[in-house]
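So the structure is just underneath, and the comments pick up after that.
Letters go in sequence order (proteins before strands), and every chain restarts at 1.
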Amino acid sequence: MEKKEHIISILVYNKPDVLARIAGTLGGKGYNIESLSVNTTTQYEISKIVMTSIGNQATISRIENQLQRLVDVISVDDLTNVESVHREMVLIRLDLTDDKKEQIKKAVDDNQWKVIKSNEDYVILEITGDKAQVDLTMARLEPLGIADITRTGLVALELKN
Amino acid sequence: MKLKGSQILLEMLKEEKVDLIFGYPGGAVLDIYDQLYKSKIKHILVRHEQGAVHAADGYARATGRVGVCLVTSGPGATNTVTGIATANMDSIPIVVFTGQVPTTLIGNDAFQESDITGITRPCTKHNFLVRSVEELAATIKEAFHIARSGRPGPVLVDLPKNVMAAETEFDPANIKIRNYDVTHKPVPKKLSQVFELLSHAKKPLLMTGGGVILGRAASELTELARKYQVPVTGTLMGLGSFPGTDPLWLGMLGMHGTYHANMAVSHCDLLIAVGVRFDDRVTGTIETFAPSAHIVQIDIDPSSINRNVVVELPIIGETKATLNDLLHFLAEHIYTPNKVTRNEWLTEIKQWKEKVPQGYCQNGEIIKPQYVIETLHKVTKGDVIVTTEVGQNQMWTAQFFKFDKPNTFITSGGLGTMGYGLPAAIGVKCAFPDKNVVDIAGDGSIQMNIQELATAAQYNIAVKVVLLNNGFLGMVRQWQELFYEKRYSHTDMTYAPDFVKLAEAFGIVGMRITKPADVEKALRDAFAVDKPVLMDFRVSREECVYPMVGPGESLSQMDLGTREMIN
């Protein structure tokens with residue numbers, strides 16, 4: 001069966017060790033989490049976890065079933081084959097060294113990248129988009145010399161429930 | 001009404017109708033033990049915390065109720081881990097209360113502190129650390145509910161010392177917990193698919209597992225098999241869910257299953273598996289498991305479906321309700337098996353059974369372990385609850401003792417925990433003081449929790465230990481014989497205590513039996529005394545468990561052994 005990245009959306013009760021239970025369940029069964037995003041929903045006692053994992057459909061179904069067994073898990077949905085929007089965010093610091101300074105400033109202007117903080121020494125950019133868009137932007141940033149980077153896990157939302 | 005945490009715990013145990021707990025005191029649970037001192041709840045003082053969990057587990061398997069144990073923090077808690085993992089693998093409902101250091105010290109590496117909820121997260125169904133006395137009552141109620149609902153399992157509740165000492169309002173009538181309704185109702189469409197498959201099948205076979213016992217569905221399964229003349233095989237955990245003396249019973253399948261059960265699985269064209277998870281000891285090589293069969297799997301837990309064996313028709317639901325629905329559907333639609341093909345199928349199975357009967361040869365002056373087990377069945381007429389240790393003793397019991405009723409064969413199937421049988425038997429005997437309870441043991445396993453003989457002696461819990469003493473870690477030795485050219489690396493256990501003297505030192509009855517002619521009398525004598533008895537049967541040293549499916553082999557390729565058949 002074909003292996004691909006699956007986006008799994010999990011509603012859980014917001015308990016101190018719920019993330020440990022989920023990570024432990026997957027790790028203990030030998031499944032890898034590629035990316036992860038966790039936050040509360042409109043109700044503080046319920047959190048949403050969006051994770052991506054690579055595997056064939058049978059593996060992903062097993063992951064879903066294993067997660068569904070956990071007492072603190074409310075629901076598990078594979079968003080891969082339903083209509084949904086996806087976003088990741090990256091914060092990037094580019095250091096304004098003498099040899100790159102002009103090149104960086106020009107690239108930021110040309111691409112209309114969002115600057116969230118800058119001074120004489122550095123510029124910090126915020127990039128959002130789906131995985132492909134973020135990967136594309138990252139490729140453009142690479143030659144400018146990335147000093148530091150933080151990339152969130154993917155978040156996803158279904159168009160309709 | 002304002003109560004202390006320790007009082008609330010005991011009140012909640014009463015609410016849950018707990019009248020017996022197995023435990024071991026310590027610093028962190030002093031407040032609870034002080035309340036127990038004044039309470040009517042019976043407490044059995046074990047000699048090791050692992051024994052407490054196995055006893056609670058044995059109690060749960062025999063009664064179908066939640067078993068309870070209570071231990072202290074740190075090492076008391078970590079000593080429960082093997083017991084909890086044992087219960088988890090076999091889906092046994094128990095609640096383990098562990099003491100914990102005061103919340104103010106958690107994380108400080110305090111004396112006798114351990115992160116027991118962290119340690120047991122992968123081997124419990126769920127666990128809780130109770131952070132305040134206000135959440136205590138609801139947490140306990142939730143713990144019992146989780147342990148027994150859906151696919152059952154062990155739940156651990158960690159109780160910090162200051163939470164036990166703190167006071168709060170307690171109103172048992174007003175405790176709210178989340179509702180976990182995990183059961184699904186089977187849909188009629190699936191039942192009609194089963195009907196279709198059954199109507200077309202020439203060689204149908206039922207396979208019963210632990211889920212039938214846990215789901216109290218043995219009578220429904222038995223009705224289905226008998227009414228429509230479908231032969232039945234079962235997993236180790238399923239023994240007792242269909243009468244072992246019924247002609248439709250083929251015996252256990254799998255690595256040490258009967259030849260005819262494994263041949264039936266390998267040749268059936270429809271396999272209806274109920275409450276099983278297709279463990280590797282059951283299937284042999286997955287690719288050749290039931291190669292010509294449509295497979296229907298009925299299970300309460302979606303994660304058991306398509307995990308090892310890919311099934312054609314999964315039905316998620318309680319085994320009892322689903323089998324009931326199926327029985328109704330088949331009756332309503334007047335399912336009638338084709339007499340000709342069914343008779344052909346039953347005859348084919350009979351021929352396999354005649355070709356390779358389950359046997360052994362009791363000749364000469366050395367006791368055969370299988371003979372002891374068969375004689376035990378004869379002496380008790382099968383009216384006994386049997387626990388086992390793990391290894392050859394366990395497999396011979398599964399092969400040679402005919403279990404007719406559910407909840408009478410108590411064994412560590414999934415985890416395969418040596419040292420399980422004795423404390424489990426103690427738990428069973430506490431639940432059924434008037435029943436005969438026997439632990440069939442090996443000389444290796446019995447030494448792993450032999451300290452519990454003191455527990456049995458203290459409360460005169462009259463369990464009978466049938467020790468099949470071959471001076472080896474027999475099952476490991478068997479593999480060394482078969483697959484490692486008889487290099488018996490560290491499996492010779494000839495250096496052992498004198499078990500008769502040891503029994504006497506514990507204050508129980510010890511017996512040594514060395515001749516086949518003395519086996520029956522020894523068993524009768526043992527049951528005649530109302531005391532714990534340890535029978536040291538000196539058995540044939542290098543007897544192997546046969547037939548056997550070697551590792552990586554198909555069920556149809558059984559090693560039948562070289563022994564002569566008894567009949």
Side-chain angles (χ1 to χ4, degrees), chain A residues 1-4 6 8-33 36 38 40-41 43-49 51 53 55-78 80-81, chain B residues 85 88-89 91 103 106-107 115-132 135 139 142-158 177-184 277 286 297 299-311 314 316:
Chain A
M1 256 190 283
E2 183 204 2
K3 273 191 178 184
K4 65 174 192 175
H6 286 252
I8 300 169
S9 174
I10 312 160
L11 275 186
V12 298
Y13 289 102
N14 182 14
K15 295 282 183 69
D17 50 2
V18 67
L19 188 59
R21 287 182 201 280
I22 287 179
T25 300
L26 296 181
K29 309 277 178 197
Y31 305 127
N32 193 31
I33 299 171
L36 184 67
V38 192
T40 54
T41 57
Q43 294 164 272
Y44 177 73
E45 62 283 3
I46 294 176
S47 289
K48 187 183 260 188
I49 296 174
M51 54 167 256
S53 187
N56 60 36
Q57 191 55 51
T59 306
I60 299 298
S61 299
R62 274 200 283 271
I63 291 178
E64 285 181 56
N65 285 335
Q66 289 297 337
L67 293 174
Q68 201 81 63
R69 279 183 72 180
L70 298 175
V71 167
D72 283 334
V73 167
I74 301 164
S75 66
V76 183
D77 291 296
D78 185 353
T80 315
N81 301 320
Chain B
N88 195 50
M89 285 286 264
S91 306
T103 49
I106 289 178
D115 174 15
I116 196 62
T117 48
I119 290 169
T120 58
R121 212 176 276 135
C123 64
T124 48
K125 183 173 175 190
H126 196 62
N127 61 22
F128 297 94
L129 168 60
V130 183
R131 287 162 197 277
S132 74
E135 61 191 65
T139 303
E142 214 170 329
F144 277 87
H145 180 68
I146 291 169
R148 69 165 81 91
S149 61
R151 177 176 177 173
V155 178
L156 180 138
V157 184
D158 202 17
I177 64 166
R178 274 189 276 152
N179 189 28
Y180 311 90
D181 193 8
V182 288
T183 54
H184 305 243
R277 60 186 174 89
I286 290 279
Q297 186 183 1
D299 203 277
I300 196 166
D301 180 3
S303 77
S304 293
I305 308 270
N306 288 341
R307 194 182 197 172
N308 303 318
V309 171
V310 177
V311 302
I316 312 287

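- Partners of B/Asn88 according to the side-chain contact (heavy atoms from CB on, under 4.5 Å) rule, which considers only residues two or more places apart in sequence or in another chain, are B/Cys123, B/Pro154.
- Shown are A/Glu64, A/Gln66, A/Lys29, A/Gln68; of these, the side chain to side chain contact (heavy atoms under 4.5 Å, CB included) with B/Ser303 is made only by A/Gln66.
- Taken from CG in A/Asn65 to CD1 in B/Ile316, the straight-line distance is 7.0 Å, to the nearest 0.5 Å.
- Once rounded to the nearest 0.5 Å, the distance linking CZ of B/Arg121 with CG of A/Leu70 reads 11.0 Å.
- A donor-acceptor contact shorter than 3.5 Å links the side chain of A/Arg62 to the backbone of B/Asn306.
- Of all residues spanning residues 18-26 of chain A, those with a heavy atom less than 4.5 Å away from chain B's heavy atoms are A/Ala20, A/Arg21, arranged by number.
- Partners of B/Arg307 under the salt bridge (Lys or Arg N to Asp or Glu O under 4.0 Å) rule, at least two apart in sequence or in another chain, do not exist in this structure.
- By the side-chain hydrogen bond (donor to acceptor under 3.5 Å, both in side chains) test, B/Thr120 is found to be paired with B/Asn127, residues two or more places apart in sequence or in another chain being considered.
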